[in-house]
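Have a look at the structure below before the remarks.
All chains are named by letter (A, B, ...) in the order of the sequence lines, taking the proteins before the strands, and each is independently numbered beginning at 1. This structure is a prediction, so every number in the text was calculated from the model and none was measured.
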Amino acid sequence: MCDDNDNQTYWEADVDPFTRKPLWDSSDLRSIRKTILVPGEMKIIHNEKFDVPMLDNILPGLMDEWPWDYTHDTLISGHLINSNEPHDLTSQVLIHLGLNIKPVEDKLHEATAAARRMCRTKAFIAQFGQWRIAEKGEEDLPSAKDATWQFDTFLPRMVAKYQWEASDAYTALENRQPLSIIEKSNGWEWRPPSEVYEGYHPWWTVLSEYANPDSGVLCYLAKAHHKCLHANDLWSIYLERMKLVPQLCAMESRGATLHQGRMTELEERFTKASEAAGRLCKNIASRYDNYKLELPKNGMNNSLRGFLFDTMRLESPIKTDSGAPSFDKNVIEHFMLTLPTKSKELTFVEKLREKRSADTALGYLTSYRKYMLPDEVMDFYLIHSKVNPTGTATLRNSSQDPNSQQVSKKEGFNLRYVFGPLPGREWWSIDYDNLELRIPAYESGERVMIDIFEKPNDAPYFGSYHLLNASIVYPDLFWPLAEKKGAFKEKYGSTYYQWIKNFDFADQYGAMLGSGTADLAAHKPGAQAMVQARLKEKNKLNNKYIDLANKWGFVETIPDIEVNPRRGYPVYCSRSKWGRVSPTIPLNYHVQSTACWIKMRAMFKVEEYLRANKLDAYIILEIHDELIFDFPFVKDKGNLHHLNAIRKIMASLGDCVGIPLTCGLSYHPHNWAQAS
DNA sequence: ACTCTGAGCGCC
DNA sequence: AAACGGCGCTCTGAGT
């Protein structure tokens with residue numbers, strides 16, 4: 001089924017590496033997948049009545065045989081079966097059941113869009129008044145983004161009803177039945193049913209015709225998923241993973257608190273900064289042949305582009321993905337270093353940077369305003385970000401509306417300042433130390449790295465991976481400063497230390513030897529080759545996972561001895577059109593996902609601890625390798641013993657996958673920005 | 001009016 | 001052929 005050659009197709013690799021059985025229990029996966037590209041017709045489970053019938057009417061007996069007492073989630077199982085595939089119901093049903101419900105969805109979309117258009121016409125408004133149509137940016141629809149029509153799926157039926165009840169035919173009819181609405185080029189008109197076709201206008205039922213198969217197929221999909229999970233020894237992993245659902249729900253509904261006063265304070269400061277910088281930019285531009293610069297609200301627009309590249313004739317050293325000259329923060333950094341001091345150009349670039357930073361921060365604050373809800377305590381508000389445990393191709397959760405995993409901690413723009421505990425509460429955060437470095441280090445047995453983690457107080461590295469690499473890449477600069485803790489960082493904080501940090505992240509995230517990006521970050525040709533020569537074991541591990549990914553299509557997390565010692569969570573790696581997995585992906589996915597598996601298991605045990613001790617304390621935010629806690633305020637860090645216990649629990653989860661771990665603790669009594 | 005993409009930028 | 005991983009959000013500007 002799966003031989004190791006370059007021409008293997010995407011789905012031929014979906015084989016369990018242990019049993020060598022296809023991960024797919026369906027009869028012919030290839031033909032099913034092909035149907036994704038060929039819209040087909042599905043037998044719609046249709047009910048003649050207007051009202052959506054009970055599920056049991058559609059699928060008799062289902063309720064009796066199905067274990068509904070346990071919350072099953074096809075998103076969780078779908079992700080476990082193939083982390084890299086679309087997990088929306090339409091795609092999953094197509095893949096696992098060979099049913100295409102897309103046409104029903106499309107019909108609903110078409111009808112809703114048409115109804116929305118109709119409601120906006122003068123004739124309609126004259127007859128029925130102004131109806132409210134969902135629009136982007138409305139205050140009480142904060143999560144309405146592009147697919148606003150989805151908020152109006154009730155509309156076709158409502159329009160049909162109003163049109164029918166307003167018609168003369170309706171009142172004239174003894175045996176009252178809804179008529180059909182016919183769209184004509186000159187508007188809308190009514191015809192009695194006999195002139196159209198037998199039955200009703202589709203708008204009466206377009207929503208239920210969408211909803212019925214939607215709920216119906218879900219049951220069969222769950223069955224297909226479960227079969228697949230059992231067949232591939234993934235059931236225990238699934239059950240463990242399902243514990244996440246109620247816990248994330250609880251986290252979401254509790255929310256995080258923020259203080260409006262602090263928010264206003266920042267908004268005022270950033271608004272002033274943005275306006276001042278923007279004015280200066282425009283003034284400078286006007287000195288170039290009276291250039292009328294229109295600054296974008298953020299990022300880039302044609303006016304700014306024209307001024308930078310055509311009028312000022314700046315030559316960007318970096319190109320965007322599409323090959324156009326870029327002017328992002330790296331380019332700005334470049335020009336700050338190279339443009340002549342006191343030149344108009346330099347001032348412009350500086351001011352543009354100030355404006356962008358202020359605008360970006362303001363943008364985030366605006367989005368927090370959009371989503372925040374009043375709390376019971378004066379001037380405090382709540383934000384309930386949505387957490388999606390199947391939102392990434394790895395085991396990370398994604399966060400949405402707003403994304404609370406990207407709250408700025410930039411100097412001068414630290415937005416964590418607005419978040420913080422209510423009066424009478426306090427926040428704590430615990431994060432893993434070097435989680436994503438420790439995993440490959442211990443897994444590969446890379447002694448040099450392990451020593452750093454195990455001797456955090458010893459010279460020359462004092463527990464710092466950055467310093468290790470600095471010693472390899474800049475030996476002449478490093479070794480004279482090796483004996484004193486912090487000396488290298490102090491002397492080269494904005495140059496070599498910063499560069500080696502950038503290098504480390506590039507290397508950690510898989511920058512390829514030969515591409516030169518890591519070397520560029522380190523400002524030293526050959527840097528990556530030097531580091532890789534020292535870290536042979538880690539390099540071998542990288543190659544191992546690249547090979548595995550090419551062979552099987554996925555890599556696995558390190559097996560958890562408490563859940564399933566035989567296999568880990570399979571994480572699928574996408575292939576390029578030439579059939580091979582990009583070599584930057586496999587180790588990355590493996591490490592990132594193992595890290596998140598550990599953190600997820602830790603969350604369960606921490607929750608147990610909190611409840612077992614009857615604490616009025618909660619996990620309120622999760623940021624990949626970090627948990628934020630809301631505790632009742634106790635003076636003199638009176639909760640410290642609990643936090644230390646939790647820290648121990650979190651670290652102990654490393655034992656399940658054989659990675660020794662430690663955690664760091666921060667105390668936020670006033671706000672999230674301030675830590676002690 | 002709606003749809004889609006690219007660019008830019010925040011976090012880990 | 002080309003390689004720095006994972007995300008979400010906003011605005012732009014062109015296309016439909």
Side-chain angles (χ1 to χ4, degrees), chain A residues 83 109 113 116-117 120 133 135-137 143 145-149 294-305 318-332 353 356-357 359-364 366-368 370-371 385-386 388 391-410 413-416 431-432 434-436 502-518 520-521 528 546 571 573-574 576-593 595-596 599 621-626:
Chain A
S83 56
H109 185 179
R116 277 160 62 93
R117 275 195 301 275
R120 289 195 186 99
I133 310 296
E135 300 290 353
K136 203 171 161 175
S143 55
K145 296 204 168 72
D146 287 327
T148 40
W149 69 270
E294 296 291 332
L295 283 164
K297 286 191 180 172
N298 66 27
M300 181 61 84
N301 66 2
N302 283 341
S303 175
L304 178 58
R305 200 174 280 124
I318 298 176
K319 298 263 178 285
T320 65
D321 288 345
S322 62
S326 164
F327 213 88
D328 64 9
K329 56 183 179 179
N330 298 314
V331 178
I332 288 184
R353 182 168 79 159
R356 279 205 184 151
S357 299
D359 287 345
T360 302
L362 276 173
Y364 281 106
T366 306
S367 76
Y368 301 146
K370 190 167 146 191
Y371 289 102
S385 294
K386 295 178 209 157
N388 182 354
T392 74
T394 71
L395 285 196
R396 282 197 177 176
N397 301 328
S398 64
S399 166
Q400 214 186 341
D401 294 344
N403 182 347
S404 55
Q405 293 175 330
Q406 59 175 166
V407 183
S408 177
K409 41 198 278 197
K410 280 168 76 84
F413 300 95
N414 192 333
L415 302 186
R416 298 189 176 196
D431 65 333
Y432 284 98
N434 290 321
L435 180 54
E436 292 194 4
N502 296 346
F503 169 91
D504 287 345
F505 288 119
D507 187 58
Q508 185 185 333
Y509 291 140
M512 292 295 292
L513 187 64
S515 73
T517 52
L520 227 58
Q528 200 174 13
I546 292 172
V571 185
C573 305
S574 57
S576 71
K577 56 180 162 174
W578 293 275
R580 299 198 63 89
V581 172
S582 165
T584 55
I585 286 179
L587 182 62
N588 206 298
Y589 276 27
H590 166 75
V591 169
Q592 190 178 108
S593 298
C596 285
K599 181 219 60 194
L621 291 173
E622 171 268 333
I623 304 145
H624 309 310
D625 67 342
E626 181 181 355

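With C1' as the reference atom, C:dA3 and B:dG10 are 24 Å apart, rounded to whole Å. With P as the reference atom, C:dC4 and B:dC12 are 22 Å apart, rounded to whole Å.
Taking only side-chain nitrogens and oxygens, A:Lys409 never comes nearer than 4.0 Å to OP1 or OP2 of B:dC11. Here A:Arg396 does not reach the OP1 or OP2 of C:dG5: none of its side-chain N or O atoms lies under 4.0 Å away. The phosphate of C:dG5 (OP1 or OP2) has a side-chain N or O of A:Thr584 nearer than 4.0 angstrom. Contact check, A:Ser515 against C:dA3: no side-chain N or O comes under 4.0 Å of OP1 or OP2. A sub-4.0 Å separation between OP1 or OP2 of B:dG6 and a side-chain N or O of A:Thr320 is absent. Proximity of A:Ser326 to the phosphate of B:dA7: no side-chain N or O atom is located under 4.0 Å from OP1 or OP2. For the pair A:Arg356 and B:dC9, the criterion of a side-chain N or O lying under 4.0 Å from OP1 or OP2 is met.
Listed candidates were B:dA7, C:dC4, C:dC9. Nearest to the side chain of A:Asp401 is C:dC9. Listed nucleotides B:dA7, B:dA1, B:dC9 differ in distance to A:Arg120; the shortest reach to its side chain belongs to B:dA1. Comparing atom distances between the A:Tyr509 side chain and each of B:dC12, C:dT12, B:dA7 picks out B:dC12 as nearest. Closest to the side chain of A:Tyr589, from the set C:dG5, C:dC9, B:dC2, is C:dG5. When distances run from any side-chain atom of A:Asn301 to the nucleotides C:dT12, B:dG8, B:dG10, the shortest one goes to C:dT12. Nearest to the side-chain atoms of A:Asp328 among the listed nucleotides C:dG13, B:dC12, B:dG8 stands B:dG8.
Residue contacts for A:Asn302: at a heavy-atom cut-off of 4.0 Å it reaches the sugar-phosphate backbone alone, with no base atom in range. Using a 4.0 Å heavy-atom distance criterion, A:Asp321 is classed as a sugar-phosphate-only contact. Using a 4.0 Å heavy-atom cutoff across all strands shown, A:Gln592 reaches at least one base atom of the nucleic acid. Residue contacts shown for A:Gly363 are absent, as no nucleic acid heavy atom lies under 4.0 Å away. Within the 4.0 angstrom heavy-atom criterion, only backbone atoms of the sugar-phosphate kind lie near A:Phe327; the bases stay farther away. Backbone-only engagement by A:Ala393 is indicated by non-hydrogen atom pairs under 4.0 Å involving sugar-phosphate atoms exclusively. A:Ser322 comes within 4.0 angstrom of the backbone, heavy atoms only, and of no base. Residue contacts shown for A:His590 are absent, as no nucleic acid heavy atom lies under 4.0 Å away. Residue contacts shown for A:Val407 are limited to sugar-phosphate atoms, with no base heavy atom under 4.0 Å away. Backbone-only engagement by A:Ser399 is indicated by non-hydrogen atom pairs under 4.0 Å involving sugar-phosphate atoms exclusively.
Comparing A:Lys297 and A:Lys145 along DNA chain C, the residue whose closest nucleotide (by nearest heavy atom) sits nearer the 5' end is A:Lys145. The nearest heavy atom of DNA chain C to A:His624 and to A:Pro583 marks one nucleotide each, and the one closer to the 5' end goes with A:Pro583.
To the nearest angstrom, P of C:dT12 lies 11 Å from CD of A:Glu294.
With respect to A:Lys409 and A:Glu626, no salt bridge is recorded, no charged nitrogen being found less than 4.0 Å from a carboxylate O.
By the 4.5 Å heavy-atom criterion applied to side chains, A:Lys410 and A:Thr360 are not counted as neighbours.
Annotation for A:Arg353: atom CZ does not count as buried by contact number, only 12 or fewer foreign heavy atoms lying within 6.0 Å.
The minimum heavy-atom distance linking A:Lys599 with A:Asn397 is given by the pair NZ-ND2, 3.8 Å. Residue A:Met300 comes nearest to A:Arg305 through the heavy atom pair CG-NH2, 3.3 Å, listed as atom of the first residue, atom of the second, then distance.
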